[in-house]
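Everything on this sheet refers to the single structure shown next.
Lettering follows sequence order; numbering is per chain, from 1.
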2 protein chains.
Amino acid sequence: MSTYHHGDLRAALLKGAGKALEKQGITALSLRDAARRAGVSHNAPYRHFADRDALLAALAAEGFRMLGEALRGKPGRARGEAYVRFALEHPQRFRLMFGGLLPLARHPELREAASRAYQGLVDAWKDMPDPQIAAAAAWSLVHGLAQLLLDGHFASQAADRDVFVARVLGAVRLAQRAA
Amino acid sequence: MSTYHHGDLRAALLKGAGKALEKQGITALSLRDAARRAGVSHNAPYRHFADRDALLAALAAEGFRMLGEALRGKPGRARGEAYVRFALEHPQRFRLMFGGLLPLARHPELREAASRAYQGLVDAWKDMPDPQIAAAAAWSLVHGLAQLLLDGHFASQAADRDVFVARVLGAVRLAQRAA
DNA sequence: ACCTGAACACCGTTCAAGT
DNA sequence: ACCTGAACACCGTTCAAGT
């Protein structure tokens, strides 16, 4: 037993990889680096993750749980602002979650975590005549805003980000009845 | 002169890389592969691109020009639908453009192409009291919708994608005056 | 079960050399 | 100027072997 470095190598790998992710970005995130951070051979991670994608998917699923947590209980526009804040506070995690490197179809754990986070959004619109559509519109708006802010497309206009976000979200009304 | 394979190696590299991009995705896109497709040594591309990122940036800039072209002249909601269609027709190109692998700050050519595409959107809202905010909201909405559709987050609801897109876009109204 | 080192086929990038 | 082959330091992944 003393030859085993970790009681929970899987958790140690995720922690190290999470650090590497935010510091260096997705591209620089390697299995070998995660193994190094955990103090094991470059091959040990394969006991816990089938391949590099499986590690990325686990990190992304963590991200969806973090996002769901950040949104929980927030009403109306505050929820949208919390969504944007999450993206800006965890830029690389957000990109990993939505960068399309991990097709949901191939990662059931990820699909599960994502739809759980999304469910909170749907519930908030359940009194509308068309809650699915309203929720999709609301999610699209805040997601697009977060992504474009992150990429710097609104840099020139967003001297004060919080004000800019509030104004954009405030400019939109969801119709009572879809066209 | 006969030892030179191409009158325009740069164009040949971009073309080959564009093909590899849509077929294999961003991760699989390598300078060495692009060189192979163009029939030159793995080192020749460095005469035209400083590094791999420069090639990616050139492909992304091409993408922004394609997007601007796809939106040109489209009125109102048709523009939003064209935006979503572009993303679905060129998924990997779209991800490259917005995946954050290429910070606009580090790639002026890219920033230029992007803001040119965005300008068309701003112009469409110039009669609103707050055109910058309205344009940002409209872009956020269609961008988020495109991205989430691409990722498969609306898969269960989007049996008929065109109808779904029309309903989501139709559910939103831009207020005459920002809050 | 869990971990290891060696090996294979890939990368991006640099360098010295050829025309 | 443009292109080449050799070399270096990285990868992901597989394999046979150790405890």
So, is [X] near the phosphate of [N], with a side-chain N or O under 4.0 Å from OP1 or OP2?
X	N	answer
A:Ser30	D:dC11	yes
A:Tyr46	D:dT13	yes
A:Arg52	D:dG12	yes
A:Arg36	D:dC11	yes

Whole Å only: how far is the [atom1] atom of [X] from the [atom2] atom of [N]?
X	N	atom1	atom2	answer
B:Asp51	C:dC11	CG	C1'	14 Å
A:His48	C:dT4	NE2	P	11 Å
B:Arg10	D:dC3	CZ	C1'	18 Å
B:Leu55	C:dC11	CG	C1'	14 Å
A:Phe49	D:dT13	CZ	P	13 Å
B:Asp53	C:dT13	CG	C1'	13 Å
A:Leu31	D:dC10	CG	P	17 Å
A:Leu13	C:dC2	CG	C1'	13 Å

On DNA chain D, does the nearest nucleotide to A:Arg47 precede the nearest nucleotide to A:His42 from the 5' side, or the other way round? Give the residue. A:His42
Do B:Lys74 and B:Glu81 sit within salt-bridge range, that is, some charged N less than 4.0 Å from a carboxylate O? no
Using a strict threshold of under 4.0 Å (side-chain N to carboxylate O), is an ion pair present between B:Asp8 and B:Lys15? no
Sort out the partner of C:dC2 for me: Watson-Crick or G-U wobble, both distances under 3.5 Å, none otherwise. D:dG18
Opposite nucleotide pairing with D:dA9, Watson-Crick or G-U, both atom distances under 3.5 Å: none
Let's test your reading of the model: under 3.5 Å, does the base of D:dT13 pair with the side chain of A:Asn43 as donor and acceptor? no
Side-chain contact check for B:Arg32: nearest option of C:dG12, C:dC3, D:dC11 is C:dG12
Which is it for A:Leu96 and A:Leu102 under the side-chain contact (heavy atoms from CB on, under 4.5 Å) test, yes or no, and what are the steps along the way? CA-CA 8 Å; A:Leu96 175 63; A:Leu102 307 162; 3.9 Å; yes
If you measure from OG on B:Ser140 to NE2 on A:His153, what distance do you get to the nearest 0.5 Å? 11.0 Å
Do B:Arg36 side-chain atoms and B:Ser41 backbone N/O form a donor-acceptor pair below 3.5 Å? no
